[in-house]
Amino acid sequence: MLQQSLRKRVEYAFALCVVGLSMAWGLAFYAAIRFSEDRVLVNQLQRAAENYPDLTTSVRGYDEAGSLPEPLREWAQAGPDEGLYEFVAEELHVAVVPADNAGGRAFVVFDVAGIEAASSEDWWWLLVITGVVSVLGTLGFGLGVLVMRRAVAPVVQLADVVAGIDLEHLSAADHKLIESSRFGTDEVGVLAGAIEKTLKRISAFVVRERDFTGSASHELRTPITVITGALELLEQSDLSAEDVKAVDRIRRATLEMKSTIEMFLCIAREADDGLYGEQFLVAPLISRAVDQQRYLLNGKRVEVDVESHAAPVVRGHPQAFLIAVTNLVRNAFEQTPGGQGPITVLLKQHELLVTNRVGGDEIGRLMPAGSSSDGHGLGLGIVQRLCERNGWEFSLQVDEAHVTACLSW
C-alpha cells in the first residue's frame, strides 16, 4: 500500500476502518442474538422442569373467551382480530387463530412469567449494551486514527521537513533537506519534488543576488569616489563664484547619488546584515534633509517651519529613513509655488507630517503612493517600499490647496 498514491491510501484506509468496524458490530450483534436465544430456551426448559410432569403450564389453548384467564376475558369478548398480542403487565402473549367453534376463533396463551427478563434486569442489560457500544466505538476510533495516521504519514513527514527550514534565512543547501526521492512518485513525491526544485532555484537566486550586489557595490562606488576626489582637488584651486556654485551642485548631487546607491543595494539584498534593526534619532535626519534640499527654494520666497513636539527614536534603517524624508521634503519644495508658503515639517512622537501648498495645476500632477518616479527624486513608490521594508507606514492626503505627506512608525 505504501507504493500507492495518497488518494488510494486514504481510500484503502477508510475502507479498512469501515470493514473492521462493521465486522466487530456484526459479531457483537450475532453474539447478542445467540445469547438471547439460549437464555430464553434455558429459562423455558427450567420452568417446564419445575412443573414436570405437567408440561402445559406455559402454553395453553382456549376455545372460548370465557375460559381465558381473568385479565384476558374482557378483551377477548370484544372480538379481537387474528394476530399476536402482548400484555406486558400480565406477562402474557396471546395468539388469536381461526377455529370451528361458535366464536370462529381460538386463543393460544403463552405465559412468559419467569422466561422473559424482569424489568430490573433490563437496566443491567442496557448498561452492558452501553459498555459494549463504548468499547467498540473506542476500538473503532482508535483503529481509524491508527490507519489514517499510517496513510497520511508521508504528508506529515514532508510538513515536518518544510517546517524545519528557516524561510527567512535560506541557505544554498536547504533544498537538500527535502530529499524528494524518499517520498516515492505519488502525490506527496510530486509535491516534495516541486518544493525541492523551488528551494533550489531560490537558493541559486540568493547566491547570484549576493554576487551581483557585491560586484555592483564596488563598480558603482568607484565612480563616486573618483568624482569626490576630483571635487576636493577643484576646491583647492582658485575658482570663480560661478565655478564654486557649480562645484557645490556637483557635490550635492554626488552625495545624493552615493546615498541612493547604498539604499538601492540594500533594498536589493535578501540579507540585511542587521541594518534594519538599528535605533536612531529622527530629528537630526530631518534637519539634514531640509538643509540638503533648501537650495530648491532659492528665489521662491517660501518659508520652512520645522516644529518638533517630541524627540522620537525609531528602529529601522537610518539611511532608508533619510532617503524617504529627503524625497518628501524635495517634493514639497519643488511643488510649492513661489510666495505660497509656509512649508510645515511637523515631528511628533510617532509620525512626521510634511505639509505644503500647491497650485491648481499642480494637484493633478501629484504622484499617488505606489507610483513610479517621473524624474523628480525617487518617486513616492520608492518611499512606500522603504516604509514596508522597515515596518513604517506612509500616506498622502491631498485637498484643494494643500498636500500632506505622513510618515508614521
Is it true that atom [atom1] of [X] has more than 12 heavy atoms of other residues, nucleotides or ligands lying nearer than 6.0 Å?
X	atom1	value
Lys300	NZ	yes
Glu64	CD	no
Tyr295	OH	yes
Gln397	CD	no
Glu393	CD	no
Asp100	CG	no
Asn101	CG	yes

Check [X] against [Y] and note the closest heavy-atom contact, atom names and distance.
X	Y	answer
Phe394	Ala405	CE1-CB, 4.1 Å
Pro71	Glu90	CB-CG, 3.7 Å
Leu68	Ala76	CD1-CB, 3.2 Å
Pro318	Gly316	CD-O, 3.4 Å
Cys387	Leu407	SG-CD1, 3.1 Å
Pro154	Val188	O-CG1, 3.8 Å

* Indicate yes or no for a side-chain donor-acceptor contact from Arg105 to the backbone of Pro80 under 3.5 Å, with no hydrogens or angles considered. =>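 The answer is yes, because a donor-acceptor pair under 3.5 Å joins these two groups.
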
* Asked: Can any side-chain N or O of Asp399 pair as donor or acceptor with the backbone N or O of His402 at less than 3.5 Å?
  ->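 The answer is yes, because a donor-acceptor pair under 3.5 Å joins these two groups.
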
Please report the interatomic distance [atom1]([X]) to [atom2]([Y]), rounded to the nearest 0.5 Å.
X	Y	atom1	atom2	answer
Ser408	Gln349	OG	CD	13.0 Å
Arg201	Arg208	CZ	CZ	8.0 Å
Arg330	Arg294	CZ	CZ	15.0 Å
Leu146	Leu139	CG	CG	12.0 Å
Arg288	Thr326	CZ	OG1	7.5 Å
Thr254	Leu231	OG1	CG	5.0 Å

Does some side-chain heavy atom of [Y] sit less than 4.5 Å from a side-chain heavy atom of [X]?
X	Y	result
Asp111	Arg47	yes
Trp75	Val94	yes
His317	Arg389	no
Glu232	Thr228	yes
Leu353	Lys348	yes
Leu297	Ile343	yes
Leu352	Val282	no
Tyr52	Glu50	no

* What's the verdict on side-chain contact (heavy atoms from CB on, under 4.5 Å) for Ile178 and Ile165, showing C-alpha distance, side-chain angles and the deciding distance? -> CA-CA 9 Å; Ile178 302 295; Ile165 299 176; 4.0 Å; yes

* Hey, mind stepping through Trp409 and Asn390 against side-chain contact (heavy atoms from CB on, under 4.5 Å) and telling me if it holds? -> CA-CA 9 Å; Trp409 50 86; Asn390 288 270; over 6 Å; no

* To do: Only one of Val302, Val290, Leu328 passes side-chain contact (heavy atoms from CB on, under 4.5 Å) with Phe333; say which it is.
  => Val290

* Dump the intermediate steps for side-chain contact (heavy atoms from CB on, under 4.5 Å) on Ile195 and Leu199, then the final yes or no. => CA-CA 6 Å; Ile195 296 176; Leu199 290 178; 4.1 Å; yes

* Would Phe110 and Gln44 count as a side-chain contact (heavy atoms from CB on, under 4.5 Å) if you check the C-alpha gap in whole Å, the side-chain angles of each, and the deciding distance to 0.1 Å? -> CA-CA 11 Å; Phe110 185 20; Gln44 188 173 3; 3.9 Å; yes

